[in-house]
Amino acid sequence: MSSETSNLDTGESATMGGSIIPDHVPECLSYTLTPQDLSLTDADPFVPLQQVRKLPKIFYNSYPGFFGCGFWMVTTSDLMGEVLRNPELFSSQTIADFSKLLGEDWPLVPLELDPPRQTEFRRALAPVLSPSVVKGMEDDIRVLANELLDRLGDARECDFMTAYGTPLPVTIFMRLMGMPMEELQTFLDWEYRLLHEEDIGLRVEAAACVKIFLEELIEKRRREPSTDLVSFCLAMDVNGKPVSNDEILGVCFLLFVAGLDTVASSMGYIFQYLATHEEERRRLTADESLIPAAVEELLRRYSIVVTRRKVMRDMDFHGVALKEGDYIMCDLSLANTDPEKWDCPMDLDLERQLNPHVAFGLGPHRCLGSNLARAEMHIGIAEWLKRIPDFKVKKGAEVTSRTNLKGLNSLPLVW
Amino acid sequence: MIYREENYMRAICDRNICQGHGRCQALAPDVFQLDANGYIAKDEFLVPMGQEERARVAAGSCPEEVIRLVDD
């Protein structure tokens, strides 16, 4: 932990950095925590993140960060459950705010909608990634995993992220969307800039590129429907109500940002763990049937998703005065490592039986792609271990995490 | 009152709060069935004999706490 200079240890509330703390935030709940204070660039950022347990369970971080404004953080499983299960008090409106980058106002659908319209969209979209549909994709995932492993040839090393962790889920997703495979790198570049770039100008540019590309794709499928997800969305009936152009764009934009990043990021942490835990890795290699439970435990311990909600009216929330328009940040990894809920939460028990983790979220916005994500991880791990059972992180490699949306920048492996 | 020799475990599921995580079916496939979209299919049913422990693990692994198990 590199927290000696941070205000976590001194207990002082900080006001430096030019950030503005709203009047209704009491000094005793106000902190200015930068990603550096929390060592979020570590190879395992989930460990230093535990420092926030020393703070009040609800506190205000005035560090403007990715969204350019301060926000409340809730750090316990119970509080996050309350926030994520009560959309009438804690709304999903504008929680990602990509259209604002373009000076526009259309939501990601259904991510930035609340019930009942959100529920209607979820019902309409449920068939596209249902368990039985995903079951039908398993063979394709297995074939692709082996193609990627074939491509390594006689090499005894690779960057896991670029050779396997990213192309496996991204190729599957692009096929699903009917996106041209030769543009894979372009899409990943846009995605990276949109989600991880600090420079707002580059993010705006990336948002514009994605929007133009998707609008063209949508128009093309409108003229010539195919069997892909975009065509499905165009034909879908949402509780008898028409789907507007903005809503179609909102669905496609959401699928684009969700489909290119999340599984790859999770796979990075999982393979870093496997590379550094020989005994556990050998056990999974010897008995494939242990992989699903292991994946659940790895998802719990390395939960990458951080989401937020918008406060809908002034209220007292467990003794804290919240104001309409405030945002509450929910780092799901904090719920999944809450010592009130889990014994020894930072230790991994790959055979853990009861594992009600919330890595895919909680409440009405549960990740739509969770069935597919799980299948990709199960198969991705099993096929790799069959071909490369013993591997390590390359000596001298500096493994670091990104600060906006957790994920490893690279993971050099040798075998 | 129906007289029975055996004790049964009953699963009571709140379908209104099921969000389709699918953990129950993955952990106890002989106990819990999902509908075509991946949401829990039935409100209430008896857990098959011998499946009680699997049912407990599945119910305890549901992030939404949909499933309540009661001994009849």
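To find a chain, count down the sequence lines: A is the first, B the second, and so on, and within it residues start at 1.
- By the neighbour-count criterion of 12 heavy atoms within 6.0 Å, atom CG of Asp287(A) is densely surrounded, having more than that number from other residues, nucleotides or ligands.
- Looking only at heavy-atom pairs under 4.5 Å with chain B, the residue among Ser132(A), Pro364(A), Ser77(A) that has the most is Pro364(A).
- When the shell of 6.0 Å around CZ of Arg123(A) is examined, it contains 12 or fewer heavy atoms from other residues, nucleotides or ligands.
- Other residues, nucleotides and ligands contribute only 12 or fewer heavy atoms inside 6.0 Å of the NZ atom of Lys57(A).
- Contacts between Arg122(A) and chain B at a heavy-atom distance below 4.5 Å involve the side chain alone, from C-beta outward.
- When all heavy atoms of Ser130(A) and Ala36(B) are compared, the closest pair comes out as CB-O, 3.4 Å.
- In this structure, Leu354(A) and Ser61(B) approach most closely via the heavy-atom pair CA-OG, 3.6 Å.
- Other residues, nucleotides and ligands contribute more than 12 heavy atoms inside 6.0 Å of the CD atom of Glu88(A).
- Here the side chain of Ser370(A) pairs no donor or acceptor atom with the backbone of His21(B) at under 3.5 angstrom.
- Between Pro356(A) and Cys62(B), the shortest heavy-atom contact is CB-O, 3.9 Å.
- With respect to Glu64(B) and Arg366(A), no salt bridge is recorded, no charged nitrogen being found less than 4.0 Å from a carboxylate O.
- Comparing Gly81(A), Pro292(A), Pro127(A) by how many heavy-atom pairs each has under 4.5 Å with chain B, the most go to Pro127(A).
- Around CZ of Arg283(A), the count of heavy atoms belonging to other residues, nucleotides or ligands within 6.0 Å exceeds 12.
- Atom CZ of Arg23(B) and atom CD of Glu296(A) lie 3.5 Å apart (nearest 0.5 Å).
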